Structure formats: C-alpha cells, structure tokens
> 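A single structure is presented below for examination.
Below, read A as the first sequence line, B as the second, and so on, with proteins coming before strands; counting in each chain starts at 1. These numbers were taken from a predicted model, which means no experiment stands behind them.
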Amino acid sequence: MFTCNFPEGLRVLVFVENLQTLLSLEKHLQDFQYKVTRCQEGAGAMHLLRNHMNKFDIAIIEAQNSTVDIFRLISEIASEIDLPIIITSKDDSVQSVINWMKIGVCDYLIKPIRPEDLRFIFKHVVKKMQVGKRVESEEKATAEKSSSVGDSTIRNPNKRKRSMFIDGQVGEKDQDHVRDSTTKKRRVVWDNELKKKFLDAMEDLGPEAVPKKILERMNVVGMTRENVASHLQVTFLLLLTMASLN
DNA sequence: TGCAGAATAT
DNA sequence: GATATTCTGC
C-alpha cells in the first residue's frame, strides 16, 4: 500500500482557518515527509472529506472555527467516512477531550502544537490498517477489555511527554539528541510577520501580556514560551529605551 | 511546581 | 546583535 519508507508521503489533510498557522503546520509536516493538502475554508473541507476521503490517509482539523461548527460537522460525517481525524484545540480540559473522542476522533492535540507532536501521527494510520485487518477474525477473541482508552498522545501543555509509539529506531532513552536529520531544531527568526503577531498579541493582552498568554494568542506552531519570553525581554528593553528618549 | 523576569551564554 | 539558556524568586 505504502512505500517501503513509510510513513514518507503519508497524505495529510489540514483544515485550519488561520493561514499563518496553516502554513506553519504544513511546513512542519513536510519536514517529516508528509504530503500536505491545505484547507482553510469550511465548505472546501467538507467537500474534500465527503467526496475525496480516499485521497487522504489522515486529517488534522482545528476545533475552533468561525464559520463552521466543527464538532457537529465531524459528528455528522464520522459515521460515513473512514479517516483518522486529529483535533487541534487550545481547550485542554478533560471534558473537551472526552467529547471529541466520543464522536470518534483518533487524537487530540493541545495548542500550541510543537513539531514533535506531528511526527508520529502516522501511528493512527497504522492502527487503522491493523484494525481493519483484524476485523474478520474479531469475534473469536472474547470481549477483551481494551487496555487503554485510546492511545492519544494528549499533552499537558506544561509537561513534556513524548509519544512512545515506534520509537525503536534508536534505543536512546535520553533527551532530544536523537532528532532525525530533517528536523533540525532551528532558532526562531523574528521576521516582520512574527513580530506583528507578537505585538498584536501584546497589544490586546495589555497588562496581561505575559509569555504564556502571548504564546497562546500568537498561535504559531513550534513557538515556545521561552522563545516568546526571550523576545519579550528585548522588546521591553526597546520600549524602555524609547520611552526615556522623550 | 510552574512561571515570569532578569541575567548570562552562545 | 539576536536568540537561547540558565538562574532566581515568587
């Protein structure tokens, strides 16, 4: 079905409203050799899901959307499509996760999303294939209690947890030293777009403008609180300097 | 323990 | 000079 270098080329449909976020997600997915189809707008996503489902292996969909009720959309199509769906959301409440899992999504990623979160999404495709194969011979096994309630790599935004699936390539149990060649950890370059996002976030947060909040508001894939804090520090310094010049 | 903010390192 | 990392105190 797939090439020998699976999951290279896995076809991922990404439905995210914000273009910046969308492009950023795409880029990171491509770093992992995934093949991305972008979708920004509800009707298009709907159409793709309904009529071209077989063109994709998995979908990543943002929970919040200004024009479409994603929850309802997925509830409706879940039964008619056979595609693993990963939800992206800033809501880290247990209840939210449960709600989404109930309607059949296979994973739930809490924003902000780090590139690492995307690396192993193929596991859901593998799982689906395995389940599909097992289906016929299923009834022979008497109601084995499912050992886990889904395998989603739900991440507490504050904790650091890596997906353990198929980590076998290298036996290292240590830090991130074993990042694959395509995933160079690169320093953030604060181009005008990022700066604008940062400033915008700062502006409407006002006195609440603290790294964590700014990070959330910016909603940029791969950005960390430390990145923001660092930038905040210099920005603050700059503002101070300017203020003293008056 | 997590986080903000300052200090320091690369 | 820009950004990351470490330190400190809350």
> Output the rounded distance in Å from CZ (A:Arg225) to P (B:dT1).
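Value for this atom pair: 15 Å.
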> Do the side chain of A:Tyr34 and the main chain of A:Arg119 share a donor and acceptor less than 3.5 angstrom apart?
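A pair under 3.5 Å: yes.
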> What pairs of nitrogen or oxygen atoms, one from the protein and one from nucleotides 7-10 of chain C, lie under 3.5 Å apart?
none

> Do the non-hydrogen side-chain atoms of A:Leu49 and A:Phe15 ever get within less than 4.5 Å of each other?
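Counting from C-beta outward, A:Leu49 and A:Phe15 never come under 4.5 Å.
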> Do A:Leu29 and A:Ile60 come close enough that some side-chain heavy atom pair is under 4.5 Å?
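A:Leu29 reaches A:Ile60 side chain to side chain.
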> Do any N or O atoms from the side chain of A:Glu26 and from the backbone of A:Arg38 form a donor-acceptor pair under 3.5 angstrom?
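No.
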> Check residues 225-235 of chain A and write down every donor-acceptor pair under 3.5 Å in which the side-chain atom is one partner and the other belongs to a residue at least two apart or another chain.
| from | atom 1 | to | atom 2 | distance (Å) |
| --- | --- | --- | --- | --- |
| A:Asn227 | OD1 | A:Thr224 | N | 2.9 |
| A:Asn227 | OD1 | A:Thr224 | OG1 | 2.8 |
| A:Thr235 | OG1 | A:His231 | O | 2.8 |

> A:Asp200 vs A:Lys197, test: salt bridge (charged side-chain N to carboxylate O under 4.0 Å, His left out). Steps then yes/no.
CA-CA 5 Å; A:Asp200 286 347; A:Lys197 283 198 147 206; over 6 Å; no
> Test side chain to side chain donor-acceptor pair (under 3.5 Å) on A:Ser89 and A:Asp91 and set out the steps.
CA-CA 5 Å; A:Ser89 174; A:Asp91 186 347; 5.3 Å; no
> Rounded to the Å, how far apart are A:Leu205 CG and B:dA4 C1'?
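It works out to 15 Å between those atoms.
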> What is the distance, to the nearest angstrom, from the CD atom on A:Glu216 to the C1' atom on B:dC3?
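About 13 Å, once rounded to whole Å.
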> Expressed in angstrom and rounded to an integer, what is the separation of A:Asp191 atom CG from C:dT3 atom C1'?
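Going from A:Asp191 (CG) to C:dT3 (C1'), I get 14 Å.
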> Examine C:dT3: is either OP1 or OP2 under 4.0 Å from a nitrogen or oxygen in the side chain of A:Asn227? Give yes or no.
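No.
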> Please check: side-chain N/O of A:Ser75 versus main-chain N/O of A:Phe71, any donor-acceptor pairing under 3.5 Å?
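Yes: the side chain of A:Ser75 pairs with the backbone of A:Phe71.
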> Report the distance from atom CD of A:Glu226 to atom P of B:dC3, rounded to the nearest whole Å.
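Result: 9 Å.
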> With sugar-phosphate meaning primed atoms plus P, OP1 and OP2, does A:Val234 contact a base, only sugar-phosphate, or nothing at under 4.0 Å between heavy atoms?
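Touches a base.
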> When every nucleotide of nucleotides 5-10 of chain B is labelled 5' to 3' by its protein contacts under 4.0 Å (heavy atoms), B for base, S for sugar-phosphate only, - for none, what sequence of letters results?
SBB---
